[in-house]
Asks: 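Dumping the structure here so I can ask a few things about it.
The first residue in the sequence is number 1, and the count goes up from there.
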Amino acid sequence: MKKAIILISMFGIISSWAQLPKEIKENYELSWSEEFNGTDADLDQRWNSQNSKSGGAYVLCSRWRENAEVHDGILELKAKKESRGGQDWTCGNIWTKEDFGYGYFEAKYKYAGATGTNNSFWMWPKNRVPEGEKAFELDVNEGHYPNKVNTNIHNWTDKDEHGHHEDNPIPFFFGSKIPKDSYSHVLENPIQTKKVRISSRHGKKINIGEIFVYAPTEKGYPKNPRPPQDADNYSELVNHAAKKNVKVDASGKYVFKGERNTDARNVVDGVVRGADNEWISQIKGEKWITLKFKKAVDIGCIQFTNAWTKDTETWYNLITNYKIEYLKYKEWIELAHFDTEEGDDFSKDYHTYGFLWTPTEFKFYFDGKLIREEDNELCHAKTNILLSLAILKARIGGEVTDAIDGTSMKVDYVRYFQKKED
């Protein structure tokens, strides 16, 4: 049954906010809410629906009112495999008829339970942008199954000479299986082999910067393959992957326009970081890279780096699954594996996504905890609130498969708080 909501007054304070940030509890009060407690027909009183083919270079679905259904206190934005509007999938996309200014925005929802989906809670000034103000998009979360949160700030007014607009995406992973920019696997028992392989079902292309295959040692291995490291402690460490006679094979490579080097041999060139010093795989199919040694070597630890960065803090396209194997006789034997889908599943549990917008700052929250802060130098016009399910190509949200059909983004509520008057 839908949870009970008790208001002290028409625009008063809700009696209990389990995950509301402390700053909001103390300084803000509820101004507007959508609890989806009415009938499906009631949705049209406060929300508009897209009812058309979807534009944009990456959206594979048209979106229709029939794909937005209210029942039992929940809004379902449904994904269906059906040809309509010139696209092969349909989904739901709604936005408020009312627009909103500075305040705290929060939605509670579950993801559609399949890769390839984009489960979004965002703001966009659909009514109009006053003259002198900038057009913007505030993505509180464009979530990807199973547990990825994507935040972004778009400036749609200021574009470069190529027509590209400014944006500032920062992704987050939550739960027990969180991808990292590097991995280290110390083997419980050393092995001997002529081949090792790293493979992945990652939905997009993968970036591997460097692979290290260390001989057994009692002195230990670097905890992180990325520098800085204490060179003196590991000066005698033998890295088989650094030998000149090692052969590298791969499933393919991504070819950029221009002369960027994405060859597989970049993973053994000794350069841990650099745009031209990494292997970038093909987009489709299983990705794999194999190191073959001239003769069998003893191995005690395998490490590798992955992803790419604009700076030194935020890593993009973190690999979401991989398997490390070695060849024993003619059989590949698994040494280690990692898969985010074995961790928390945001299609099974509700989570809250919050966004504080003031004249000077933005704050992004996940389950009441602050995850990101930015200065507000862009957004000052009023905006509408949007709830959208989309299916994305280019494997942005992972591989698109028939598993999407029949899944849905389930929204429990949307709430808007304004700052209390002094």
Asks: If you apply the rule side-chain hydrogen bond (donor to acceptor under 3.5 Å, both in side chains), what do you find for Asp344 with Asn147, and how did you get there?
Replies: CA-CA 6 Å; Asp344 290 17; Asn147 55 16; 5.9 Å; no

Asks: Atom NZ of Lys287 and atom CD1 of Ile280: how far apart are they, to the nearest 0.5 Å?
Replies: 13.0 Å

Asks: Taking atom NZ of Lys292 as the centre, report whether more than 12 heavy atoms of other residues, nucleotides or ligands fall under 6.0 Å from it.
Replies: no

Asks: Once you measure the plane-to-plane angle for His185 and Tyr183, does it fall in the parallel (<30°), tilted (30-60°) or perpendicular (>60°) bin?
Replies: parallel

Asks: Search all heavy atoms of Tyr111 against all heavy atoms of Asn141 and return the closest pair with its distance.
Replies: OH-ND2, 3.1 Å

Asks: So, do Thr96 and Tyr416 sit near enough that their side-chain heavy atoms are less than 4.5 Å apart?
Replies: no

Asks: Give a yes or no on whether Glu188 atom CD has more than 12 heavy-atom contacts from other residues, nucleotides or ligands under 6.0 Å away.
Replies: no

Asks: Would you say Tyr58 has more than 12 foreign heavy atoms packed within less than 6.0 Å of its OH?
Replies: no

Asks: In Å and rounded to the nearest 0.5 Å, what is the CG to NZ distance from Asn306 to Lys180?
Replies: 10.0 Å

Asks: Mind listing the closest non-hydrogen atom pair of Tyr316 and Pro169 along with its distance?
Replies: OH-O, 2.9 Å

Asks: Any idea which heavy atoms bring His154 and Leu378 closest together, and the distance?
Replies: O-CD2, 3.4 Å

Asks: Can a salt bridge be assigned to the pair Glu29 and Lys420 using a cut-off of 4.0 Å between side-chain N and carboxylate O?
Replies: no

Asks: Contact between His380 and Phe136 at the side-chain level, heavy atoms closer than 4.5 Å - yes or no?
Replies: no

Asks: Considering all heavy atoms of both residues, which atom of Phe304 and which atom of Ile198 are nearest to each other, and what is their separation?
Replies: CD2-CD1, 3.7 Å

Asks: Please indicate whether Lys284 has more than 12 foreign heavy atoms, meaning atoms of other residues, nucleotides or ligands, lying under 6.0 Å from its NZ.
Replies: no

Asks: Check Glu23 with Lys363, please: is the shortest side-chain N to carboxylate O separation under 4.0 Å?
Replies: yes

Asks: Taking Asp263's backbone N and O only, do any of them form a donor-acceptor pair with Asn261's side chain (distance below 3.5 Å, no angle check)?
Replies: yes

Asks: Measuring only between side-chain heavy atoms, which start at C-beta, is Leu318 closer than 4.5 Å to Asp181?
Replies: yes

Asks: Taking the side chain as every heavy atom from C-beta outward, state whether Glu69 and Leu75 have any pair of such atoms under 4.5 Å apart.
Replies: no

Asks: Look at Lys177 together with Asp339 and state whether they make a salt bridge at an N to O cut-off of under 4.0 Å.
Replies: no

Asks: Do Phe212 and Tyr221 have their ring centres less than 6.0 Å from each other?
Replies: no

Asks: Under the 6.0 Å and 45° cation-pi test, does Arg260 pair with Trp308?
Replies: no

Asks: Out of Phe105, Phe100, Tyr104, which residue meets the side-chain contact (heavy atoms from CB on, under 4.5 Å) rule with Trp357?
Replies: Phe105

Asks: Working note: Gln282 + Ser251, criterion side-chain hydrogen bond (donor to acceptor under 3.5 Å, both in side chains); need CA distance, chi angles, decisive distance, verdict.
Replies: CA-CA 7 Å; Gln282 83 285 1; Ser251 55; 2.9 Å; yes

Asks: Hey, are the side chains of His240 and Lys243 touching, using non-hydrogen atoms and a 4.5 Å cut-off?
Replies: yes

Asks: Checking ring-ring contact (aromatic ring centres under 6.0 Å, His included) between Phe346 and each of Phe172, Phe366, Tyr353, Tyr109, which is the one that passes?
Replies: Phe366

Asks: Passes side-chain hydrogen bond (donor to acceptor under 3.5 Å, both in side chains), Glu342 versus His337? Steps please.
Replies: CA-CA 11 Å; Glu342 295 177 355; His337 82 279; 3.2 Å; yes

Asks: Flag the pair Lys81 and Asp405 as a salt bridge only when some basic side-chain nitrogen lies within less than 4.0 angstrom of an acidic carboxylate oxygen.
Replies: no

Asks: Check Glu35 with Arg415, please: is the shortest side-chain N to carboxylate O separation under 4.0 Å?
Replies: yes

Asks: Tell me whether Asp375 contacts the main-chain N or O of Glu361 through its side chain, where contact means a donor paired with an acceptor under 3.5 Å.
Replies: no

Asks: Looking at Trp124 and Asp139, would you say the former's side chain and the latter's main chain have a donor-acceptor pair under 3.5 Å?
Replies: no

Asks: Write down the atom of Trp95, the atom of Leu386, and the distance for their closest heavy-atom approach.
Replies: CB-CG, 3.5 Å

Asks: Under the criterion side-chain hydrogen bond (donor to acceptor under 3.5 Å, both in side chains), I'd like the reasoning laid out for Ser184 against Gln303: C-alpha separation, chi angles, the key distance, then a yes or no.
Replies: CA-CA 4 Å; Ser184 179; Gln303 301 180 339; 2.8 Å; yes

Asks: Can Asp40 and Arg65 be counted as an ion pair, charged N to O under 4.0 angstrom?
Replies: yes

Asks: I'd like to know if Lys134 pairs up with Asp158 as an ion pair, taking the criterion as any Lys NZ or Arg NE/NH1/NH2 lying under 4.0 Å from an Asp or Glu carboxylate oxygen.
Replies: yes

Asks: Distance check, rounded to the nearest 0.5 Å: Asp160 atom CG versus Glu166 atom CD?
Replies: 8.5 Å

Asks: Just wondering, do Pro227 and Val272 contact through their side chains at under 4.5 Å, heavy atoms?
Replies: yes

Asks: I need the minimum non-hydrogen distance between Thr314 and Pro171, along with the two atoms involved.
Replies: CG2-CD, 4.2 Å

Asks: In this structure, which one of Phe121, Trp122, Phe364 forms a ring-ring contact (aromatic ring centres under 6.0 Å, His included) with Phe355?
Replies: Phe364

